[in-house]
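Below you'll find the structure, written out as structure tokens, and then a few comments.
The basis for the numbers below is simple: all heavy atoms, side chains too, and nothing from hydrogens, waters or symmetry mates. Protein chains get the first letters and strands the later ones, always in sequence-line order, with residue 1 at the start of each.
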Amino acid sequence: DQVLRIVPESIQQVQHLQHLCSISPLDLWKPLMPEDIRAGEELHVRVPAPLLPEVKHSLDQHMISYRVLVPDVQELVDKSMPRERSNQRQGREGYNYTQYHSMKEIYQWMTEIQQNYSELVTKPLLGTTFENQPMYYLQISQPSNETKKIIWMDCGIHAREWISPAFCQWFVKEILQNYKSDPKISRFLQNLDLYVLPVLNIDGYIYSWETNRLWRKNRTPYQNGACYGTDLNRNFNASWGSIGVSSDCTSDVFCGPGPESEPETKAVAQFIRTKKSDIVCYLTIHSYGQLILTPYGSTTKPPSNNEELMQVGQKAAAALKGKYGTSYKVGPPSLILYNNSGSSRDWTHMIGIPLSYTFELRDNGTYGFLLPPSQIQPTCEETM
Amino acid sequence: RAMELPPGRVPAGRVAAVAAGFVRFQRGGPARALALRALRGARAQDIKDVGHKYYLDLELEDVLDKDSTVNCTAEVLYHLGNKNIAPDVQFTLGRELKSTEEADHMFYTRIRSLEKELMAENIPDSQGHVPPELEPLHLLAWVASGYVIWQNSTENTQLQLAQIKHVKQVKRSDEYLQFDYVVLLHEMVSQEMIPWEMTVLWHPRDGVQVTRESRQPRHTSG
């Protein structure tokens, strides 16, 4: 890439330069906006390498003279900055929440968070995955004389849905950085405990980083390694194996050999069972689709508290839309998505947790699972 | 506002994806891909002995300029019986789309002047990034995938372009640009990632053509 210095000499030249900026990915350094280009004023623009010949040709054709200010931008960048990754510190200030993180980084982050906010946060062990990775969750609980009700949130049950663990990390950060200063959050924590599991399907998540970005399931081998993985969100004991699943282990919706067959499912289910009388709300975060899903996926028969579920869901969708205009639909998957059985949301509702929701975050399919990191912040802010 | 279709009908989002794909194909190019921003309304109608018809009220956005939205009304008819016939789609846009003539011309001249045939992989990459100079190839794939999605959709499937695994330019003796793609299509209902080959032709004057599209076997999970 090169940076060119141009001093337009006439209105026509200014217009041509503005035109060039609008039709190709040129990076205007000075001025910042094409509308501020003026005749007689110096302009600096970075031109990506593959576009150089045609841009220079276009300038020549319009008799616009230029000088090459920076002949090789990458060289300059390399000289002035240390390598990105090695600069990653995991402290309060150093962690980049607008970037996707590997499992190793997330483990480090959880340790740091617990240490930095130890007055509120513990990091209990839920269980282990098939590949023996520890499943930690963060318990955010303001010390109090009374037992408080619990809100449980898990992310990353499906490996490729990277925006989901990114949201869990963002959520924790927002709560902890603001609980002293924000009256809403502070009141929240006075009355409720938050349990957050940033990555449920750790083996799958690691696999999506190292081998197959679009992997979905966990990594349990079947048939002597002929195929791998159970869809953890078809593996819970809620009309297990009845609809929207496959008994073929190569399928992406393979429900496993039996309900709670997978160590990850078991770890979560066992824990929620013991705490169920205190859990008022269960949230599980997925992507994509921009949906707030209520029970059930396996039948169109509505849950007993359907009105309440829909009302709360609609309020959430409205609040979400208020931030950036993103529209979410609310309802049961059997009506607005597809039938499925064995989902965690259905199971938690069936055992008595009143408010159970699946969030399908951005987007609508344009980028799908490969959501650009530039969308992490707006997605997390609106969902917050 | 009644958004959801009565029980027994397919979710409206599924139909919207087909309509949006069709519109994207009809109106797209390396400088414009329209995506579904929101589904505002949907209505269903059974046509005896013919099929299921859906009337949709959509809001589309330009992928390159999210603030630029356009209203679209569409009708989608899934034919009864033969699953190999693509649904009929008709649509009307609420306004004229601005011309992409200049950007198209620039892309065309750039590619024609390349000495080596262009080749690229994994667009977007794992982190969701697309290098700016490959953005037109990305848009072309989106547009072409609209055709593939339209041609291969049934009421029981919902296809989206997940990623370009591989794209290779093929130089031609005529004036068309040709790109051979291997893409991954995400099928929502089965959650499968399906490899799909497509041969895409384009010329600024003519719009996008998909001259060949072929579903590939998945290699078993491993």
Side-chain angles (χ1 to χ4, degrees), chain A residues 19 22-25 27 48-51 53-54 58 99-100 158 160 162 208-209 212-217 225-229 231 244 246 249-254 288-291 300 325-327 329 331 333-339 363-375, chain B residues 3-5 7-14 16-17 20 31 33 35-40 59 61 63 100 102-103 105-107 109-110 113-114 122-135 142 156 158-163 184 186-193 218 220-222:
Chain A
H19 181 67
S22 72
I23 59 172
S24 25
D27 180 11
L51 298 179
E54 65 194 298
S58 175
Q99 200 176 297
Y100 296 114
H158 290 138
R160 58 195 179 202
W162 286 14
S208 74
W209 270 76
N212 181 348
R213 174 61 176 85
L214 295 170
W215 188 256
R216 171 180 167 87
K217 306 183 284 179
C227 54
Y228 283 81
D231 183 343
S246 171
C249 61
T250 62
S251 163
D252 263 321
V253 292
F254 174 54
Y288 55 90
Q290 293 174 201
L291 306 165
T300 49
T326 310
S327 85
K329 295 220 283 294
S334 47
L335 278 187
I336 64 174
L337 188 56
Y338 46 61
N339 289 316
D363 57 16
N364 253 333
T366 308
Y367 286 94
F369 301 119
L370 302 182
L371 197 67
S374 57
Q375 290 207 35
Chain B
M3 169 65 65
E4 301 319 328
L5 307 175
R9 298 273 177 252
V10 300
R14 225 177 265 180
L36 179 65
R37 192 203 202 121
L39 171 60
R40 291 232 206 75
E59 191 184 359
E61 68 186 2
V63 161
T100 56
E102 303 282 355
H105 180 71
M106 231 176 172
F107 173 69
T109 3
R110 167 156 76 99
S113 65
L114 291 176
N122 290 333
I123 304 168
D125 66 15
S126 282
Q127 299 294 321
H129 292 131
V130 179
E133 58 276 13
L134 293 180
E135 194 62 57
W142 255 326
N156 299 316
Q158 185 168 341
L159 293 166
Q160 295 282 2
L161 175 67
Q163 191 183 35
L184 287 173
H186 174 222
E187 202 293 291
M188 266 286 202
V189 180
S190 63
Q191 288 296 329
E192 301 295 337
M193 283 292 161
R218 281 179 71 226
T220 47
S221 46

Under 4.5 Å heavy-atom distance to chain A, tell me which part of [X] shows up: side chain, backbone, both or neither.
X	value
B/Leu184	side chain
B/Asn122	neither
B/Ser190	backbone
B/Val189	both

Exercise: do B/Glu192 and B/His186 side chains pair donor with acceptor under 3.5 Å: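 Distance-only check fails for B/Glu192 and B/His186.
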Euclidean distance, B/Arg110 CZ relative to B/His105 NE2, rounded to 0.5 Å: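 Answer for the NE2-CZ pair, B/His105 versus B/Arg110, is 13.0 Å.
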Pick one of side chain, backbone, both or neither for A/Thr366, based on which atoms fall under 4.5 Å of a heavy atom in chain B.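 Backbone plus side chain of A/Thr366, per the 4.5 Å heavy-atom cut-off to chain B.
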Given that the side chain runs from C-beta out, which part of A/Leu214 has a heavy atom under 4.5 Å from chain B: side chain, backbone, both or neither?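 Both parts, backbone and side chain.
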Verdict with supporting geometry, B/Ser113 and A/Glu54, side-chain contact (heavy atoms from CB on, under 4.5 Å): CA-CA 9 Å; B/Ser113 65; A/Glu54 65 194 298; over 6 Å; no
Any non-hydrogen side-chain atom of B/Trp142 less than 4.5 Å from a side-chain atom of A/Tyr367?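 The answer is yes, as the side chains (C-beta and beyond) meet within the 4.5 Å cut-off.
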Could you check whether any side-chain heavy atom of A/Tyr100 comes within less than 4.5 Å of a side-chain heavy atom of B/Ser126, counting everything from C-beta outward?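 A side-chain contact under 4.5 Å is absent here.
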Taking the six-membered ring for Trp, is the centroid-to-centroid distance between A/Phe369 and A/Trp215 below 6.0 Å?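 Between A/Trp215 and A/Phe369, which both carry aromatic rings, the centre distance is not below 6.0 Å.
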Which residue out of [options] racks up the most heavy-atom pairs below 4.5 Å with chain B?
options	answer
A/Leu337, A/Asp363, A/Asp231	A/Leu337
A/His19, A/Gln375, A/Gln290, A/Arg160	A/Arg160
A/Pro373, A/Pro48, A/Ser208, A/Ser374	A/Pro373

Side-chain (A/Asn339) to main-chain (A/Gly244) donor-acceptor, under 3.5 angstrom: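 Answer holds: no.
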